[in-house]
Amino acid sequence: MNKGGGMKKMKYVLVTGGVVSGLGKGVTASSIGVLLKACGLRVTSIKIDPYLNTDAGTMSPFEHGEVYVLDDGGEVDLDLGNYERFLDIKLTRDNNITTGKIYQASGLNFTCPVFPVELQAVIDKERRGDYLGKTVQVVPHITDAIQEWIERVAMIPVDGQPGPADVCVIELGGTIGDIESMPFTEALGQFSYRVGAGNFCLIHVSLVPVLSAVGEQPVYLLFVEIKTNSAQCSGAEKLRFDTKYLSLSQHFDYGLESVLQALEENVKQKLSQFCHVPDQKAHEAILGALNLLGVAREPNLKEWTSRAESCDMLLEPVRIAIVGKYTGLSDSYLSLLKALLHASVSLRKKLVVDWVPASDIEDETAKENPDAYKAAWKLLKGADGVLVPGGFGDRGVEGKILAAKYARENRIPFLGICLGMQIAVIEFSRSILGLQDANSTEFDPDTKSPCVIFMPEGSKTHFGGTMRLGSRRTYFQVMDCKSAKLYGNRGFVDERHRHRYEVNPDMVSSLEDAGLSFTGKDETGQRMEIVELPNHPYYIGTQFHPEFKSRPGKPSALFLGLIAAACGQLDSLLHAHKIPNGMAKKVSLYQNGNATKFAKIPADGIYSNCNGVHA
């Protein structure tokens, strides 16, 4: 294990998938990372997305799920969120490799602190003449660039300790055999030679279909393929490895039931016999392949086992209505769901999420589809708390405004994030200030009451990477407010952003005179970051995305506040952060310190047990 002194040989674990996408490669890669970390090893992660996009920033959440934002402003695949949550690390934008970045990623100019060489894209190098007149080809130029990227990024410390990690877990997105994946599969085949025997382990996730009509449940099997002798393999569906199969079986429930069930013993035996896969003991197979058996300790998984057991024992529900645009795909709000789960489990509550399509609660839907209108409002009115997340475009905006109004007038706990905060300001401007045409210039460029405006430094012609992105500092304007207390009475917090519109600073004074309080602002004092209604049980909006820094056992402060308010525990929670004798109390939440002590056995949870209930 590396303790910060000198260079060492990096170990690599590659996770691939077959048959179909969405098998759970990201969770598999994250879980392997947890297992290795539990063995005392330091772990980093890389996600390869073979699509041509430079990053995930311009992709629809309906196609790829949420766009996860990193501290450095990288807009990346949601699997990097899984890595950060599972391993409690901070990744960089270069931990997400795409075909677009490899071919041409102008402006990245990535420099690794370990290897002080610029990581330039292939097309950029060609234009400069770096290839000395050679014909630039997929092999070797693209495949070499991929390998160099992996090797350099793997050396970046991500856990707050000096020096590189011990093991880099790489996930190859998509499925083996995809046309766009071929340069990466070729590069990774070459990479196994490059790093040498004992430094590379391949894990393949493959579907095991079972006919549900006969009462059996669909499952998938994880094959740990350990490279022994490399050789050319024919067929686009296979990586270029001659392998033997070792270990490990897992289970996955594709049925409608929310409880995961293990493979039956006879199924395990059959799979083991026909695939040459000894059962279980995954960590021993992986450590053996990486020559780490003499270095790593036995895995200590007591904390994770306790989390799962604690989650299973939760009985008292807390219902949160998520009023959004992308409710048809829960992965569009994956970090929100996890942040809600972290907070609810820490307060010993079973999370129930009610998905409310924002457009369904609009007046137009009452005319066109009265049944959907009634069902949506029934869900909203039955919730203990309301969350309006971020989003882009005008579809469902009026419904979100109605949801904010309902929560404000009926004193229902409310949390608005990014666009959700802007929605709260628009609703307040219309209902309290009497500005009936109040709106964002994003939705009505000609509004006479623009309470939300386009940021002056933004671009209206280029959408990729042009928003206000990444970690930014928010300064509390008053300490006697819920948000400051939840964050531990600190003077400022650092949270991640992703937006190109902001509250109009020219309207702030009139909004505050009417009772709205902007309790958090940026360093200039002109950009609004946190808004609250002081006389409301819990009504908070943030321009930043606090969900991106929530962790198992270290819940986001504002999500913790929402859940506490929704189940009647906010007063005791705020009392725990009371400032003694005028002195600022040290924060005990993730964003600026150690884990909260509200629960001894918090959980990332089992998703199907504690989340996503659509009733």
Side-chain angles (χ1 to χ4, degrees), residues 314 316-324 333 336-354 356 379-389 400 403-417 420-421 423-424 427-428 476 478-489 493 495 515-520 530-542 544-547 550 554-578 587-591 596-599 602 610-611:
L314 300 175
E316 186 177 348
V318 56
R319 306 187 74 93
I320 302 297
I322 297 181
V323 184
Y333 302 114
L336 287 173
L337 288 171
K338 294 302 181 182
L340 288 169
L341 185 60
H342 300 159
S344 61
V345 173
S346 72
L347 294 173
R348 300 291 191 267
K349 303 298 178 184
K350 182 175 181 177
L351 176 65
V352 179
V353 172
D354 291 322
V356 181
L379 287 176
L380 183 60
K381 291 181 178 180
D384 302 311
V386 176
L387 192 155
V388 176
K400 295 175 184 178
K405 182 177 182 179
Y406 169 79
R408 181 181 59 80
E409 292 181 342
N410 292 276
R411 300 177 66 78
I412 304 298
F414 172 90
L415 178 60
I417 295 175
M421 167 183 161
I423 289 295
E427 189 281 320
F428 191 88
F476 289 106
V478 294
M479 298 307 296
D480 189 20
C481 63
K482 296 182 180 69
S483 57
K485 292 176 182 177
L486 287 168
Y487 276 107
N489 302 299
V493 292
E495 292 282 14
L516 207 58
S517 178
F518 291 97
T519 57
I530 305 175
V531 64
E532 297 186 39
L533 270 179
N535 60 352
H536 191 282
Y538 192 85
Y539 195 92
I540 294 178
T542 67
F544 51 78
H545 288 264
E547 69 271 23
S550 184
K554 303 174 183 179
S556 164
L558 299 181
F559 280 85
L560 195 66
L562 175 66
I563 297 298
C567 58
Q569 298 181 21
L570 182 60
D571 287 344
S572 58
L573 185 65
L574 294 178
H575 181 74
H577 295 287
K578 186 176 180 181
V587 71
S588 60
L589 295 175
Y590 171 80
Q591 285 82 354
T596 177
K597 300 300 182 183
F598 295 114
C610 301
N611 236 324

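Everything numeric here is computed off the predicted structure, so don't read it as measured data.
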Point to revise | Verdict with supporting geometry, E547 and F559, side-chain contact (heavy atoms from CB on, under 4.5 Å) | key: CA-CA 8 Å; E547 69 271 23; F559 280 85; 3.7 Å; yes
Study note, to complete from the structure: So CG of L347 and CG of L573: to nearest 0.5 Å the spacing works out to 6.5 Å
Exercise for review: Examine distances only and state if a side-chain atom of R411 and a backbone atom of N535 form a donor-acceptor pair shorter than 3.5 Å.
Suggested key: yes
Point to revise | Residue pair Y406 / K381, side-chain heavy-atom distance below 4.5 Å | key: yes
**Study point:** Polar side-chain atom of H575 near backbone of D571 as donor-acceptor pair, under 3.5 Å
**Key:** no
Review point. Roughly how far, to the nearest 0.5 Å, is the CG atom of L351 from the CG atom of L314?
Key: 10.0 Å
Check your understanding: Got a second to check how far R408's CZ is from L516's CG, nearest 0.5 Å?
Key -> 9.5 Å
**Study point:** Smallest separation among heavy atoms of D384 and P317, with atom names
**Key:** OD2-O, 4.4 Å
Exercise for review: Please work out whether the ring planes of F476 and Y487 are parallel, tilted or perpendicular, with thresholds of 30° and 60°.
Suggested key: tilted
Study note, to complete from the structure: Taking every heavy atom of L562 against every heavy atom of L415, the minimum-distance pair comes out as CD2-CB, 4.0 Å
Review point. Which atoms form the tightest heavy-atom contact between K349 and Q569, and what is the distance?
Key: CE-NE2, 3.2 Å
Exercise for review: Could you tell me which non-hydrogen atom of H536 sits nearest to which non-hydrogen atom of P413, and how far apart they are?
Suggested key: CE1-N, 4.3 Å
Check your understanding: Looking at CG of L336 and CD1 of I417, how far apart are the two atoms once the value is rounded to the nearest 0.5 Å?
Key -> 5.0 Å
**Study point:** Separation of S550 OG from L337 CG (nearest 0.5 Å)
**Key:** 11.5 Å
Review point. Looking at P534 and G515, what are the two nearest heavy atoms and their distance?
Key: CD-O, 3.4 Å
Review point. Does the pair L380 and D354 meet the rule for a side-chain contact (heavy atoms from CB on, under 4.5 Å), with working shown?
Key: CA-CA 8 Å; L380 183 60; D354 291 322; over 6 Å; no
Point to revise | Contacts of E532 that satisfy side chain to side chain donor-acceptor pair (under 3.5 Å) - sequence neighbours left out | key: S483, T519
Practice item. Indicate the atoms forming the closest heavy-atom contact of Y333 with P389, along with that distance. Key: CE2-CG, 3.4 Å
Point to revise | Any F414 side-chain heavy atom under 4.5 Å of L533 side chain | key: no
Check your understanding: Could you give the distance from CG (N489) to CG (D480), rounded to the nearest 0.5 Å?
Key -> 9.5 Å
**Study point:** Flag side-chain contact, heavy atom, 4.5 Å: L558 against Y538
**Key:** yes
